Enquirer: 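Structure below; questions to follow.
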Amino acid sequence: MLKTVRLLVIYLLLLAPAATGCAAQRAGLTSVGFAIQVGAFSDVRNAERLTKKLQEQGIEAFYFKRENGIYAVRFGDFPRRDDARKAAQKLVKERTIGSYFIAAPQPERSAALRETVIEKAPSPSITKPAKPAKKKEEPVKRDRSDMGGIAARTAERFVGIPYRWGGDTVVDGMDCSGFVRAVYNLCGVNIPRTSREQYRVGDAVGREELKDGDLVFFGGSPDEINHVGIFVGNRRFVHAPRRGDDIKVSSMDESYFQKRFVGAKRYF
């Protein structure tokens, strides 16, 4: 009996991670809740100015380029839509922001893609059977590779943007980790703030096993990490090279990065 109970516990532990679907996070990571999105700026400098204004109020905001080429600013991590709306209305009243949009959590937007559709069998009937309804297409399931690809393509949209994550008070090396944090935030995952903290979570990945969306870390050692980027395929990664510099694509094969590569982590 005891042996059976042990086997059942082991089975449940193995099953638990898979039951959460493709958006399952590793230990130390959480899903992003409702967020506030502001603006439709054609000039990145306007998005930067609003971001800085919010950051000066202690709000962890970031700006990004949408698929249509327009820039927007996003901030907040609220458990309920109403909480996000109240916070946004307060900022509107203070004239910090104008119109806004409440962005739903990533899991909520993709829930239909993850859930399995179960159709009930029809009850017995003596009446003439009705014409069978057209079979609904089964929802597409996103696996880890989809989410990694989304993260990589999102990162590529930042290329060319003069990115500043922490305003004038940012510490050296914070822009690079802030950039990858912003990308993962847009993908629905909260990761730690600094590159060293980011390296402590997630699953370790070998250099030859890298996939889109993995984070690649550089520095003197695992205890001296000072740079991070997002792998986007073909031995390339997107990163914020230095404070105030444009987001760019670099090669893992460059001498500097080859020598300072510490490791990689996967979060989906």
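These numbers come from the heavy atoms of this one structure, side chains and all, not from hydrogens, waters or symmetry mates. Nothing here was measured: the structure is a model prediction, and the numbers come from that model.
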Enquirer: Taking the six-membered ring for Trp, are Phe158 and Phe64 parallel (under 30°), tilted (30 to 60°) or perpendicular (over 60°)?
Expert: tilted
Enquirer: Report the C-alpha distance between Arg74 and Leu186 in whole Å, list the side-chain angles of each, state the deciding distance to 0.1 Å, and finish with yes or no for side-chain contact (heavy atoms from CB on, under 4.5 Å).
Expert: CA-CA 9 Å; Arg74 186 175 290 196; Leu186 289 170; 3.7 Å; yes
Enquirer: Any heavy-atom pair between the side chains of Val189 and Val32 that's under 4.5 Å?
Expert: no
Enquirer: Between Thr51 and Ala61, what is the shortest heavy-atom contact and its length?
Expert: CG2-O, 3.5 Å
Enquirer: I'd like to check Arg153 versus Val232 (side-chain heavy atoms, cut-off strictly below 4.5 Å). Are they in contact?
Expert: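 Yes, at least one pair of side-chain atoms sits under 4.5 Å.
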Enquirer: Do Glu48 and Lys52 pass the side-chain contact (heavy atoms from CB on, under 4.5 Å) test, and can you show the C-alpha distance, the side-chain angles, and the key distance before you say yes or no?
Expert: CA-CA 6 Å; Glu48 185 183 333; Lys52 183 178 179 180; 5.6 Å; no
Enquirer: Which atom names give the shortest non-hydrogen contact between Phe218 and Met252, and what distance separates them?
Expert: CZ-SD, 4.0 Å
Enquirer: What pairs with Phe217 under ring pair (Phe, Tyr, Trp, His ring centres under 6.0 Å), at least two apart in sequence or on another chain?
Expert: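 Partners of Phe217 under the ring pair (Phe, Tyr, Trp, His ring centres under 6.0 Å) test: Tyr199.
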Enquirer: Are the side chain of Arg196 and the backbone N or O of Ile225 linked by a donor-acceptor pair below 3.5 Å?
Expert: yes
Enquirer: Measure the CD1-CD1 distance between Ile59 and Ile36 for me, rounded to the nearest 0.5 Å.
Expert: 7.5 Å
Enquirer: If the condition is side-chain hydrogen bond (donor to acceptor under 3.5 Å, both in side chains), which residues does Glu197 pass it with, not counting sequence neighbours?
Expert: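 By the side-chain hydrogen bond (donor to acceptor under 3.5 Å, both in side chains) rule, Glu197 matches Thr194.
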Enquirer: Under the rule for side-chain hydrogen bond (donor to acceptor under 3.5 Å, both in side chains), what residues qualify as partners of Arg95, not counting sequence neighbours?
Expert: none
Enquirer: Is there a donor-acceptor pair under 3.5 Å between the side chain of Thr30 and the backbone N or O of Asn190?
Expert: no
Enquirer: Minimum heavy-atom separation for Ala151 to Phe268, with atom names?
Expert: CB-CE1, 4.1 Å
Enquirer: Identify whether Leu210 and Val183 are in the same connected component of the hydrophobic contact network (ILVMFWY, side-chain heavy atoms under 4.5 Å).
Expert: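 In one cluster with Leu210: Val183, no.
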Enquirer: Less than 4.5 Å apart, any side-chain heavy atom of Asp246 and any of Val159?
Expert: no
Enquirer: State yes or no: do Leu54 and Phe62 share one hydrophobic cluster built from I, L, V, M, F, W and Y residues joined by side-chain heavy-atom distances below 4.5 Å, directly or via other members?
Expert: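 Yes.
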Enquirer: Sorted by first residue and then second, give each salt bridge (Lys or Arg N to Asp or Glu O under 4.0 Å) pair with at least one member in residues 253-262; sequence neighbours left out.
Expert: Arg235-Asp253
Enquirer: List the atom of Ala155, the atom of Val238, and the distance in Å for their closest heavy-atom pair.
Expert: O-CG1, 3.6 Å
Enquirer: Within the 3.5 Å criterion, strictly below it, is a donor on Gln57 or Thr96 matched to an acceptor on the partner's side chain?
Expert: yes
Enquirer: Do the non-hydrogen side-chain atoms of Arg181 and Glu60 ever get within less than 4.5 Å of each other?
Expert: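 When only atoms from C-beta onward are counted, Glu60 and Arg181 do touch, with a gap below 4.5 Å.
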Enquirer: If you compare all heavy atoms of Gly39 against all heavy atoms of Ala72, which two are closest, and at what distance to 0.1 Å?
Expert: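 So the minimum-distance heavy-atom pair works out to O-CB, 3.7 Å.
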Enquirer: Between Glu94 (side chain) and Leu91 (backbone), is there a donor-acceptor pair under 3.5 Å?
Expert: no
Enquirer: Strictly by modelled atom types, are Ser250 and His239 linked by a side-chain donor-acceptor pair under 3.5 Å?
Expert: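 There is such a pair (donor and acceptor under 3.5 Å, judged by atom type) between the side chains of Ser250 and His239.
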Enquirer: Return the set of residues passing ring pair (Phe, Tyr, Trp, His ring centres under 6.0 Å) with Tyr71 (not counting sequence neighbours), or none when no residue passes.
Expert: none
Enquirer: For Phe75, which residues count as a ring pair (Phe, Tyr, Trp, His ring centres under 6.0 Å) partner, sequence neighbours excluded?
Expert: none
Enquirer: Can you measure from CG (Leu215) to CZ (Arg266) and round to the nearest 0.5 angstrom?
Expert: 11.0 Å
Enquirer: Once rounded to the nearest 0.5 Å, what's the spacing between atom CG of Asn185 and atom OG of Ser31?
Expert: 11.0 Å
Enquirer: If you round to the nearest 0.5 Å, how far is CZ of Arg66 from CZ of Phe41?
Expert: 11.5 Å
Enquirer: Treating Ile, Leu, Val, Met, Phe, Trp and Tyr as nodes and any side-chain heavy-atom pair under 4.5 angstrom as an edge, say whether Ile102 and Val73 lie in one connected cluster.
Expert: yes
Enquirer: Atom OG1 in Thr154, atom CE in Met147: separation rounded to 0.5 Å?
Expert: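 One gets 9.0 Å once the value is rounded to the nearest 0.5 Å.
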Enquirer: Whether Asp83 and Lys86 form a salt bridge (side-chain N of Lys/Arg under 4.0 Å from carboxylate O of Asp/Glu) is what I want to check.
Expert: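 Between Asp83 and Lys86 there is no salt bridge, as every charged N stays at least 4.0 Å from the carboxylate O atoms.
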Enquirer: Taking the side chain as every heavy atom from C-beta outward, state whether Phe179 and Ile247 have any pair of such atoms under 4.5 Å apart.
Expert: yes
Enquirer: As a quick check of understanding, evaluate salt bridge (charged side-chain N to carboxylate O under 4.0 Å, His left out) for Arg85 and Asp82, giving each step before the final call.
Expert: CA-CA 5 Å; Arg85 185 179 294 109; Asp82 192 51; 3.7 Å; yes
Enquirer: For the side chain of Asp214 and the backbone of Phe231, is there at least one donor-acceptor N/O pair under 3.5 Å apart?
Expert: no
Enquirer: If you draw the axis of the six-membered ring of Phe261, does the NZ or CZ of Arg207 fall within 45° of it and under 6.0 Å from the ring centre?
Expert: yes
Enquirer: Distance-only, no hydrogens or angles: does the Tyr184 side chain make a donor-acceptor pair with backbone N or O of Gly213 under 3.5 Å?
Expert: yes
Enquirer: Check whether any side-chain heavy atom of Ile161 sits under 4.5 Å from a side-chain heavy atom of Lys65, and report yes or no.
Expert: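 When only atoms from C-beta onward are counted, Lys65 and Ile161 do touch, with a gap below 4.5 Å.
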Enquirer: Classify the ring geometry of Phe257 against Phe237: parallel below 30°, tilted from 30° to 60°, perpendicular beyond 60°.
Expert: perpendicular
Enquirer: Which atoms form the tightest heavy-atom contact between His227 and Ala240, and what is the distance?
Expert: CE1-O, 3.1 Å
Enquirer: Roughly how far, to the nearest 0.5 Å, is CD of Gln55 from CG of Leu50?
Expert: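 Going from the CG atom of Leu50 to the CD atom of Gln55 covers 9.5 Å.
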Enquirer: Just so I know, are the side chains of Asn226 and Ser195 near enough to count as touching, which here means a heavy-atom distance under 4.5 Å?
Expert: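 A side-chain contact is absent here, since even the closest heavy-atom pair is not under 4.5 Å.
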Enquirer: State, yes or no, whether a side-chain contact exists between Tyr267 and Gln198 at a heavy-atom distance under 4.5 Å.
Expert: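 When only atoms from C-beta onward are counted, Gln198 and Tyr267 do touch, with a gap below 4.5 Å.
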Enquirer: Examine Val205 and Val228 and state if one hydrophobic cluster contains both, with Ile, Leu, Val, Met, Phe, Trp and Tyr joined whenever side-chain heavy atoms are less than 4.5 Å apart.
Expert: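 No; Val228 is not reachable from Val205 via cluster members.
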Enquirer: Is Ile150 linked to Val249 within one hydrophobic cluster, defined over Ile, Leu, Val, Met, Phe, Trp and Tyr using a side-chain heavy-atom separation of less than 4.5 Å?
Expert: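 Shared cluster, yes.
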Enquirer: Please check this pair: side chain of Asp43 against backbone of Arg45, looking for a donor-acceptor N/O pair closer than 3.5 Å.
Expert: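 Indeed, once roles are kept as given, a pair shorter than 3.5 Å links the two residues.
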